[in-house]
Each structure stands twice: as C-alpha cells, then as structure tokens.
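Here's the structure, in structure tokens; my notes come after.
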Amino acid sequence: MAGLPERPVSVPDWADWLLSELDAFARIGESGKGGVCRLAGDEADCKARDHLRQLFEEAGAEVLVDAVGNMFGVFRLSETGKTAVLAGSHLDSQPTGGRFDGTYGVLAALTAARRLKESGETFRHDLVVCNWTNEEGARFTPSLTGSSVFAGALTSDAALNLADASGMTLGEALLAIGYAGTDRLPYEPVHAVEIHIEQGPRLEAADVQIGIVESAWAARKLCLAFDGAPAHTGPTPMEERRDALLAASRAICLLHDWGRIFGQGVHTSCARLENDPNSANVVPQTCTVWMEIRHPSADICRVFADVFLLRLEELLLPDRTGYRVLSDAIRVSPSLSSEGRDLAEDVCAQAGIAALRLDTVAGHDALALAAAMPSSLFFVPSRDGISHSPREFTAEADLIAGAEFLTSFIRKKLQPA
C-alpha cells in the first residue's frame, strides 16, 4: 500500500497474520493512496463480508448472519455454551475511508479468538467475533444500525426500511449481496468489547498505546428540508425568487456562527446536502441538510439546537422560504463498564503497556451495545488524529500492542475454567 513502511522483519506469526489481513481488506474497495470505500450493502462490502466468512470458517468458527446482516463468528470455548463475550467492530467505511477504521477492530478480535482457540484452554463463556452492519451510516442513516438493533434500540423492520439516496432500502441491499440472514445469536451476552483507532490526537500526544474510554459525547442530529420554488435562473426577477439552496446556505452559516458565539467547546457540522432539482438553470426547489451538534453534555446539545432553530425561523422570513424538520434525534450513550475499565488498566500494567483514560467524541458500536450489556471500548493511536481519510494511519507496533492487549483482556473476561 502506498505510503506505508516496510513490515518489521521479526513479528510473531499471529501478528504477521493480522497485518497481512489488514493489507488484504485494504485491497477490497481500494480507493487509492491507501484508502477504501465500502458502503454498507455495496459490492465491496459484499466482498469484504465474503472474505471475513472465509476467515471465520478457516479458524473453526460457526458463522451466523442475523436479520439486519450482522455477522457473527462463534467460537465454542466453553462447556456450557450458554453465555458469550462479544468482540468486534465493522467493515463498512466512509466514501473517503481509511484502511483501519472498523476493520482493525474486527481483525484484532478475530486474532484474539484464533489465539485463544489454539491455546486449548476451556473457559466459562464462548467468544463471538462480530461485524456490525452499517456502523458508519454513510449510505443508510442512522449510523450504528446493526449494533442498535442488537441492543434493542432500533427494530429490525425500521433498520431494513432505511433508504439510501436512490431509494434502495438496507433490506434490499442486504438481499442483493446475499447477507439478509435469519439467524439469532443463541447466547446471553456477558460483555461486549471493541478496539478501534482513536480518530483523534490524544494518545499520540501522550505517547501511550492504549486508550481506555470512560465516556462519550452526546450528539443532536438534525435533518432539515428547506422549501423554495423552482424558477428559471435567468429571467426570473431576483425579488421573486424563493431559493431553497440560499436558505440552506444561510442556515449552515448560522449554525457555525452560533457555535462560535456559544463557545463551551461545542462541535458543529453540516457535512451532507441534497439539492433538488440540482440543475444549473433552475432556482433550487428543495434543499436538505444534515446537521450535527456534539458536546459532552446532552443538555448543552439540546439548548444549542433549540436556540438555533428559533433564530433560523427569524433569519428565513425575508427570503419567503421555510424549513421542515425531517428528523431530530439526540444520541446519549449509556455508561461504559467501570469493571471493564479497571480490568483494562490491570492488563496494561501487567504487560507494561502505557494507557490513558479518555472520552470519545465519535460514536462506536460498543456505545450502542452498552444500552443492553456491560460494554468496553479501547483505542490505539491515530497519527495526527486523522480519520475518515486515506491518510489515516496507525503504526504497526501500536496495532500489534493493541491486539496483544485485547487478547489478554478477552481471556480474562472469558474466565478460564
């Protein structure tokens, strides 16, 4: 892959397998310069799922696929077969995705499963390696879809009826690629764990290899449709135009300006826009904008957005355009496992791995699962904090250290018999 250093000569066989498989997945949906584009339910996602299925089978796991396409590699490591630890992440990416986001978490979990199975030990719980469907939400909104369904926060029907920009539903996309399953995971989950690249600069700045996540920022997510009227962009007098794109532009500027005035470390974004009819010679009739407000406090997110919407009504009056709220959701993550955080610190101390407790601004499957079971989330460093970009990079030494840590953590959670 372009821009990557040569592999160290001496690494354990399991680490060489992990790094080689990261290379293999990076070629599936390769977008150039080290990046990938694998949107949920597309052809590249299908190829990645097929390869993961093959790896599961080669490792001796039973492969299950549920109604929303979540993939489970079941490793029978206990005598009872009634309870399980879940470990994994996702294979789908953003359109400008990097090679590590999500994929590393799946492969690190599978690396741990292979090593623990090969050890011949018997445990109190089985281990299930997971690939959660549509974590990114790049094609189907909302994100964290598969893990939210598993946790009971979203129904299967609602998830399967999510539609992309072309009108295709998630259910139709999964059926088309052969991953519309019917299986149910036959376990009581006792703990969920995910390791992920940080997507921020704090671990690199602190020169530590493992981030132990304590909490997550809240997010208020708005989807607003601005309504104008179609007209010719040439002869129509300016005072008679009702321009939906102009209204959306004013709203976007208002959101960011209000963020600077409000302060308190609020993060705002408007990263997706759909314009109709999207013709150079027609005054825009409808413009839809997706907006986010993020802050550690859910109350701050609520107040910020409430005031923004009030100001928006006043701002749009002179343009004779209005807006409709298509969706308005507040995402507040449940608490992550305190026992898991303490155990992680013990594992790092025993292995001599530097660790740091921190929060996460981004959402992750482990956060969705925390609503239904004890859940833990860990990070490895990201160079310069860059993610959702082909420039995303994590050093191989950090990838290996993260997988070593995860294996030890999972082994303790499985509880040797």
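Count residues from 1 along the sequence.
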Could you go step by step and tell me if Leu110 and Leu55 meet the side chain to side chain contact (heavy atoms under 4.5 Å, CB included) rule? CA-CA 9 Å; Leu110 182 51; Leu55 295 181; 3.8 Å; yes

Rounded distance (nearest 0.5 Å) linking atom CZ of Phe140 with atom CG of Leu174: 7.5 Å

Working to the nearest 0.5 angstrom, can you tell me the gap between Tyr187 OH and Thr83 OG1? 8.5 Å

Are Asp42 and Arg139 within salt-bridge range, i.e. N to O under 4.0 Å? no

For His388 and Thr96, test the side chains for any donor-to-acceptor distance below 3.5 angstrom and give the result as yes or no. no

Show your reasoning for whether side-chain hydrogen bond (donor to acceptor under 3.5 Å, both in side chains) applies to Glu198 and Ser382. CA-CA 6 Å; Glu198 183 193 355; Ser382 295; 5.6 Å; no

Please check: side-chain N/O of Asp126 versus main-chain N/O of Leu77, any donor-acceptor pairing under 3.5 Å? yes

Check this for me: does any side-chain nitrogen of one of Asp13 and Arg114 sit under 4.0 Å from a carboxylate oxygen of the other? no

Is the backbone N or O of Ala40 less than 3.5 Å from a side-chain atom of Asn134, with the two atoms forming a donor-acceptor pair by type? no

Looking at Ala366, is its backbone amide N or carbonyl O close enough to the side chain of Glu194 to form a donor-acceptor pair, meaning the two atoms are under 3.5 Å apart? yes

Under a 4.0 Å threshold between the charged nitrogen and the carboxylate oxygen, would Asp50 count as salt-bridged to Lys47? no

Which class fits the ring pair Phe393 and Phe100: parallel under 30°, tilted 30 to 60°, perpendicular over 60°? perpendicular

Side chains of Gln199 and Ser387: is there a donor and an acceptor less than 3.5 Å apart? yes

Please indicate whether Glu43 has more than 12 foreign heavy atoms, meaning atoms of other residues, nucleotides or ligands, lying under 6.0 Å from its CD. no

Arg341/Glu345 ion pair, N-O < 4.0 Å: no

Do the rings of Trp132 and Phe72 sit parallel, tilted or perpendicular, given the 30° and 60° boundaries? perpendicular

Whether the side chain of Thr133 engages the backbone of Asn70 through a donor-acceptor N/O pair (distance < 3.5 Å, no angle test) should be reported. yes

Less than 4.0 Å between a side-chain N and a carboxylate O, is that true for Arg220 and Asp328? yes

Nearest heavy-atom pair of Thr321 and Gly228: which atoms, and what distance? CG2-CA, 4.3 Å

Relative to each other, are the rings of His295 and Trp217 parallel, tilted or perpendicular (30° and 60° limits)? tilted

Side chains of His90 and Asp365: is there a donor and an acceptor less than 3.5 Å apart? no

Side-chain (Ser376) to main-chain (Gly340) donor-acceptor, under 3.5 angstrom: no

Roughly how far, to the nearest 0.5 Å, is the SG atom of Cys37 from the CD atom of Glu30? 12.0 Å

Basic-acidic side-chain contact under 4.0 Å: Arg115, Glu404: yes

Would you please indicate if the ring centroids of His196 and Tyr104 are separated by under 6.0 Å? no

Glu292/Arg294 salt bridge by N-O under 4.0 Å criterion: yes

Do the side chains of Asp45 and Arg49 get close enough for a salt bridge, i.e. N-O under 4.0 angstrom? yes

Check whether the side chains of Ser143 and Arg331 place a donor and an acceptor atom closer than 3.5 Å, and report yes or no. yes

Glu204 side-chain N/O to Asp384 backbone N/O, donor-acceptor pair under 3.5 Å: yes

How are the rings of Phe262 and Trp258 set to each other: parallel, tilted or perpendicular (split at 30° and 60°)? perpendicular

Phe379 ring center near His364 ring center (under 6.0 Å): yes

Between Ser166 and Asp164: side-chain donor-acceptor atoms closer than 3.5 Å: yes

Verify the distance criterion only: is there a donor paired with an acceptor across the side chains of Ser375 and His191 at less than 3.5 Å? no

Would you call Glu339 and Lys413 a salt bridge, using N to O less than 4.0 angstrom? yes

Sole candidate of Thr141, Thr145, Thr169 that passes side-chain contact (heavy atoms from CB on, under 4.5 Å) when paired with Leu162: Thr145

In this structure, CD of Gln285 is separated from CG of Leu245 (nearest 0.5 Å) by 13.0 Å

Atom pair CD (Glu392) and CZ (Arg99), whose distance is rounded to the nearest 0.5 Å: 9.5 Å

Does one side chain, of Ser78 or His125, offer a donor that lies under 3.5 Å from an acceptor on the other? no

Between Arg124 and Glu79, does any side-chain N to carboxylate O distance fall below 4.0 Å? no

Answer yes if the side chains of Tyr323 and Asp227 hold a donor-acceptor pair under 3.5 Å, and no otherwise. no

Is the shortest side-chain N to carboxylate O distance from Arg260 to Asp257 below 4.0 Å? yes

Please round to the nearest 0.5 Å and tell me the distance separating atom CG of Leu326 and atom OG1 of Thr288. 6.0 Å

Apply salt bridge (Lys or Arg N to Asp or Glu O under 4.0 Å) to the pair Asp101 and Arg38, showing each step before the final yes or no. CA-CA 11 Å; Asp101 182 355; Arg38 290 195 300 263; over 6 Å; no

Given the rule in the side chain to side chain contact (heavy atoms under 4.5 Å, CB included) test, do Val63 and Glu57 qualify, once you have shown the distances and angles that lead to the verdict? CA-CA 7 Å; Val63 183; Glu57 292 172 346; 3.9 Å; yes

